[in-house]
> 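Supplied in structure tokens, the structure appears directly below.
No experiment lies behind these values; they were computed from the predicted model shown. Chain letters run A, B, ... following the sequence lines, proteins first, then strands; residues in each count from 1.
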Amino acid sequence: MDQNHELPKTYSPSEFEDRIYQNWCDKGYFTPAKDSNAPKFSVVIPPPNVTGQLHMGHALDDTLQDILVRYKRMQGFDTLWVPGTDHAGIATQIKVEENLRVNEGLTRYDLGREKFLERVWDWKNKYGDRIISQLKKLGTSCDWTRERFTMDEGCSRAVREVFVNLYNKGLIYRGHRIINWCPHCLTALSDAEVEYKDMDGNFWHIRYPIKGEDGKFVEIATTRPETMFGDTAVAVNPEDEATKHLIGKTLILPLVGREIPVIADDYVEIGFGTGCVKITPAHDPNDFLVGQRHDLEQIKVMNDDATMNAYAGKYEGMDRYACRKALVADLEAEGYLIKTVPHPHNVGVCYRCGTVVEPLTSDQWFVKMKPLAAPAIEAVENGTINFVPERFSKNYFNWMNNILDWCISRQLWWGHRIPAFYCDSCGEMFVSKEDMTVCPKCGKALRQDSDVLDTWFSSALWPFSTLGWPDKTVDLEKYYPTSVLVTGYDIITFWVSRMIFSGLEHMGKEPFSTVFIHGLVRDAQGRKMSKSLGNGIDPLEIIDKYGADALRFALATGNSPGNDRRFSDEKIEAARNFANKLWNASRFVRMNLTIDEIKLPEESKLALEDKWILTKFNALVANVTAALDKFEVGVALSNIYDFTWDVFCDWYIELSKVRLGAQGTEENLVAQNVIAYILTGTLKLLHPFMPFITEEIYQALPHDCESIIISKYPELNKSECYDKANEQMERIIAAIKAIRNRRSEMNVVPSRKAKVYIATPYTDSFNSETAVFFGRLASASEVEITDKIETFEGVVSADNAVQIITDSATIFLPLADIIDTEKEMARLTAEEKKLIGEIERIEKKLANAGFVAKAPAAVVEGEKVKMAKYQENLEGVRAAIAKLK
RNA sequence: GGAGGCAUAGCUCAGUUGGUUAGAGUACUUGCUUGACAUGCAAGGGGUCGCAGAUUCGAGUUCUGCUGUCUCCACCA
């Protein structure tokens, strides 16, 4: 044992966490051995955005991953966890622009593309480093020698490769489509990047006069009157008796005077609204489709910033909402407005800035999804990829089965620039992995597409781009497909689904076999943590105050897959208290240790309690391993918690104190070895969850390995399971608890000792060796044991002593002077009643022919045994009552 | 509109294929300076497992309906 490595009196994690982490890094424990032939276990981190800092969501996600990774590493797997960060296109660009505006009053256009990008890279370097250091604070055992960034050279090459491959296969195309446009971010958004919010709006009912039919009109209801300038038709359902007569007529657009036709399209729902729908192909996704079917003109009436353009006539230059207001007023003044009806509805907003998106047509790049989705659906259907919990596959199928083409171009500067090159001179376009400057056709200069790719385009490649693809690297060969992906249910559609089809398409193999889904971390009131609410809890502050281990414990405990968790002061305090308990128990063990090496003594030397704790420990190992293999992280941890606190500390340590105090004896050495063996074993089981404290204690005890990180994870050892000893010990514990219980009920202070008389058939449990426990744990001054209760006749009985009946013994405490006969009688009567109740219940059960015939024999037998026990106890209780009378 | 989750002690949550008297943390009550730990020890009170049915010898657990609540997807002009 390293006598110099002491455990200070107080548990203060800040004293050692950083030091330990640094040591792990220095020793290179997180980097897998090059020549390992062990089975592989690989994980890629969901790359945090370089925009911000570590939040509770990351802390949970990365804690769960680290638990799995450390567990597998200790089990001897060739384990790799690849870390990295995401450039987070739109989010980061917005941050930097905001920063620029606030600090320098500049826009990105003032700086120009190149200079602006320099600023973003500065930002990335600063915040990317910060988030990495925060991950380290948490204790994540990532292989930092393999750290990646979505825009680093290799990942960028992967992006180009994929883009060109998909383009050549006809799976990427450029098209004039209606897309979601954010007028604030000035970029297209994919469907997934639009969120919907309930807003109060109006239905404005407007007259559209019918040409040539004086005074006649069609009533149109709209929530967005300002798009009127782009109307190129009004549609009615051809089956609608109320409106079909209008088909083919011509209407006159109010205020504008332009003529538009009435067309027939079954998109119009009969009975909804007025039955007539204005069709604005350039500003509404459904109208766009109608327009395509009827070959209608697309008239865009807004600029990119959502101000009105020349088509809006006198409203040109006004913001869309200002225009709406003015337009409605004018329509009313001119008599075109029939009525205004309040209409709450869902409005799409940009997921980054919250601005209401404007659907509009533009030239964008798309990924054709149907052919990619088919194998991705199949892989989950046939079990190549499993969701844990399984129900999230429904989520996935729902999205994949209804998928539309993916708009991947963004009108941003920060991101992977689209590798398309245009010749303005001959009009040709080239898509190329390499940069092109000169047109191969006409020799003129080429211009690269100014747009960048959706940030998820590169994230989709993360499981293989980080391992070196498109090169055929050793890492790729070894670690792809990865073992498990750990992420929150909120990005299944954004990210998980796209990684799956990308992996299948470009690698020909699924990117991971298991998707382990966790929930959100909410605040103590159950609200989502968000900046706007200001209810976010900073993981770093928690670490400073309570330690990373406590944070990890609080996040992992009670965690059940896929469910949200609340985070509260109570939980983190409970976690810290547990760490403190472990710390102090370890200090106790250490101060009683004189051995340099732990060696489990042979069976014949073991005391009853040693066999008992070994049996319990092995059961724990089995349970924890089974739970972790099923991703039941919370279950595994609560098992360790219960064992550590209730079994090891509250019982085994107490039971061992006598022998640990008897220095120089053989039994002392046995006790030392067993207690150290159990403690180090427990530390190993706990290490994946609480890496720092377990390492710190491990180092201070005799240890078999230079670091607990690479020590061998405990395995179930059947030869260490002693069922009989376990049973024997449980009887003692039950008896001690029963005595404590009675003493406490009678308000007997622990300092008042009393002789304990035990009558029991189980003399293998109750004997001179175990009698000592009653002295320490049950305030016994002396213990007398007999297997014949008559021995106590005339010495103790219900009238001069407290009588306690357990399943295995009748115990007397001669506390005659403080016995309240009345109270004692009441207690005994209550107990009698309770036993009678139980017996009746079982009698009824056993009298049920169906139960006896159909229930498993073991269950029936169990009931019979219970019954016999109760009857025996009842007899004892009745005898006591009789004596009291 | 479609899909899913949750509903168990005052609060926060476990409860793995149906099988003891339904558990933990926290809060509460009582007692304790027990030579590791008051961030602790010991004892205790507290639950009609949302409601109504069904299946079964047996339901917190399976099925159906309902109520409340949260989330995801789609989005109606």
> Just to be sure I understand: a Watson-Crick pair is purine N1 to pyrimidine N3 plus N6-O4 or O6-N4, both under 3.5 Å. Using that and G-U wobbles, which stems of three or more pairs involve RNA chain B?
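Stems for RNA chain B, defined as runs of 3 or more consecutive pairs: B:1-7 with B:67-73, B:10-13 with B:23-26, B:28-32 with B:40-44, B:50-54 with B:62-66.
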> What's the closest nucleotide to the V268(A) side chain, out of rG19(B), rC37(B), rA77(B)?
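That would be rA77(B).
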> Using a heavy-atom cut-off of under 4.0 Å over every strand shown, decide if R391(A) touches base, sugar-phosphate, or nothing.
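Contact class for R391(A): sugar-phosphate only.
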> How many Å lie between CD on E573(A) and C1' on rA27(B), as a whole number?
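Whole-Å distance recorded here is 13 Å.
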> Considering just the side-chain nitrogens and oxygens of H343(A), establish if one lies under 4.0 Å of OP1 or OP2 belonging to rA77(B).
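Answer is yes, contact under 4.0 Å.
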> Hey, does the side chain of N623(A) come within less than 4.0 Å of rU16(B)'s phosphate (OP1/OP2), counting only N and O?
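N623(A) to rU16(B) OP1/OP2: no side-chain N or O under 4.0 Å.
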> Have a look at A585(A) and say if it touches a base, only the backbone sugar-phosphate, or nothing, with a 4.0 Å heavy-atom cut-off.
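If one applies the 4.0 Å heavy-atom cut-off, A585(A) turns out to touch a base.
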> Could you please name the option among rG4(B), rU30(B), rC37(B) that lies closest to any side-chain atom of K394(A)?
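My answer, after comparing the listed nucleotides, is rG4(B).
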> Would you mind classifying the nucleic acid contact of N563(A) as base, sugar-phosphate or nothing, using non-hydrogen atoms under 4.0 angstrom?
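Sugar-phosphate only.
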> Less than 4.0 angstrom between a side-chain N/O of N395(A) and OP1 or OP2 of rC73(B), yes or no?
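Checking rC73(B) against N395(A), no side-chain N or O comes under 4.0 Å of OP1 or OP2.
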> Quick one: which of rG19(B), rC32(B), rU39(B) gets closest to the side chain of P750(A)?
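Taking heavy atoms from C-beta onward, the closest nucleotide is rC32(B).
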> With a 4.5 Å cut-off on side-chain heavy atoms, are L551(A) and M56(A) touching?
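Yes, at least one pair of side-chain atoms sits under 4.5 Å.
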> Ignoring hydrogens and geometry beyond distance, is the side chain of N346(A) in donor-acceptor contact with the base of rC75(B) at under 3.5 Å?
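Answer yes: a donor N or O sits under 3.5 Å from an acceptor.
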> Examine F553(A) together with F578(A) and report whether their ring centres are nearer than 6.0 Å.
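That pair passes the under 6.0 Å test.
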> Find out whether V658(A) and F773(A) are in side-chain contact, i.e. whether some heavy atom of one side chain is under 4.5 Å from a heavy atom of the other.
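SC-SC contact between V658(A) and F773(A) ruled out.
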> With sugar-phosphate meaning primed atoms plus P, OP1 and OP2, does F397(A) contact a base, only sugar-phosphate, or nothing at under 4.0 Å between heavy atoms?
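Nothing, no nucleic acid heavy atom in range.
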> Going by atom types alone, do Q672(A) and N668(A) pair a side-chain donor with an acceptor below 3.5 Å?
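Note: Q672(A) and N668(A) side chains meet the donor-acceptor criterion.
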> I need the CZ-P distance between F567(A) and rC11(B), as an integer number of Å.
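From F567(A) CZ to rC11(B) P: 21 Å.
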> Are K581(A) and Y11(A) side-chain neighbours, meaning at least one heavy-atom pair lies under 4.5 Å?
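The answer is no, as the side chains (C-beta and beyond) never meet within the 4.5 Å cut-off.
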> Under 4.0 angstrom, heavy atoms only, what part of the nucleic acid is N286(A) near: base, sugar-phosphate, or nothing?
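N286(A): backbone/sugar contact only, no base atoms under 4.0 Å.
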> Can you identify which nucleotide, out of rA43(B), rC13(B), rG25(B), has its nearest atom closest to the K737(A) side chain?
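Selected nucleotide: rA43(B).
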> Should T274(A) and V218(A) count as side-chain neighbours, where that means a heavy-atom distance under 4.5 Å?
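In short, these two side chains do not touch, never coming nearer than 4.5 Å.
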> Output the single nucleotide from rU39(B), rG31(B), rA43(B) whose closest atom is nearest the side chain of V749(A).
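From the listed options, rG31(B) comes nearest.
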> With side chains defined as the heavy atoms from C-beta onward, is the minimum distance between R743(A) and L813(A) less than 4.5 Å?
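Answer yes - side chains close enough.
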> Need one value for Y641(A): base, sugar-phosphate or nothing, where a base atom within 4.0 Å counts as base even if backbone is also close, heavy atoms only.
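Sugar-phosphate only.
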> Among rA43(B), rC75(B), rA77(B), which is the nearest nucleotide to the side chain of T223(A)?
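Nucleotide nearest to T223(A)'s side chain: rA77(B).
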> Would you say rC41(B) has OP1 or OP2 under 4.0 Å from some side-chain N or O of W645(A)?
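Yes.
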> K581(A) has a side chain; which of rA42(B), rG5(B), rA36(B) sits nearest to it?
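From the listed options, rA36(B) comes nearest.
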> Ignoring backbone atoms, establish whether R566(A) has a side-chain N or O less than 4.0 Å from OP1 or OP2 of rU12(B).
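Affirmative; the distance criterion is met.
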> From the list rC73(B), rU39(B), rG31(B), which nucleotide is the closest neighbour of the side chain of W399(A)?
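Of the candidates, rC73(B) comes closest.
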> Touch check for E654(A), heavy atoms < 4.0 angstrom, all strands: base, sugar-phosphate only, or nothing?
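Result for E654(A) = base.
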> Which nucleotide in the set rG40(B), rU30(B), rC37(B) lies at the smallest distance from any side-chain heavy atom of K9(A)?
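For K9(A), the side-chain atoms sit closest to rC37(B).
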> Are E573(A) and R576(A) close enough for a salt bridge, meaning some N to O gap below 4.0 Å?
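Judged by the 4.0 Å cut-off on N to carboxylate O distance, E573(A) and R576(A) do not form a salt bridge.
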> Taking salt bridge (charged side-chain N to carboxylate O under 4.0 Å, His left out) as the definition, give me every residue that meets it alongside K571(A), ordered by chain and number, with sequence neighbours left out.
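K571(A) satisfies salt bridge (charged side-chain N to carboxylate O under 4.0 Å, His left out) with no residue once adjacent residues are dropped.
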> What nucleotide among rA43(B), rC72(B), rA36(B) has an atom nearest to a side-chain atom of K657(A)?
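Closest nucleotide to the K657(A) side chain: rA36(B).
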> Tell me what D564(A) touches on the nucleic acid: a base, only sugar-phosphate, or nothing, going by heavy atoms under 4.0 Å.
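The residue D564(A) makes no contact with any strand.
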> Is any side-chain N or O of N398(A) closer than 4.0 Å to OP1 or OP2 of rG4(B)?
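No, because none of the side-chain N or O atoms of N398(A) sits under 4.0 Å from OP1 or OP2 of rG4(B).
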> Base, sugar-phosphate, or nothing for P856(A), non-hydrogen atoms under 4.0 angstrom?
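Result for P856(A) = base.
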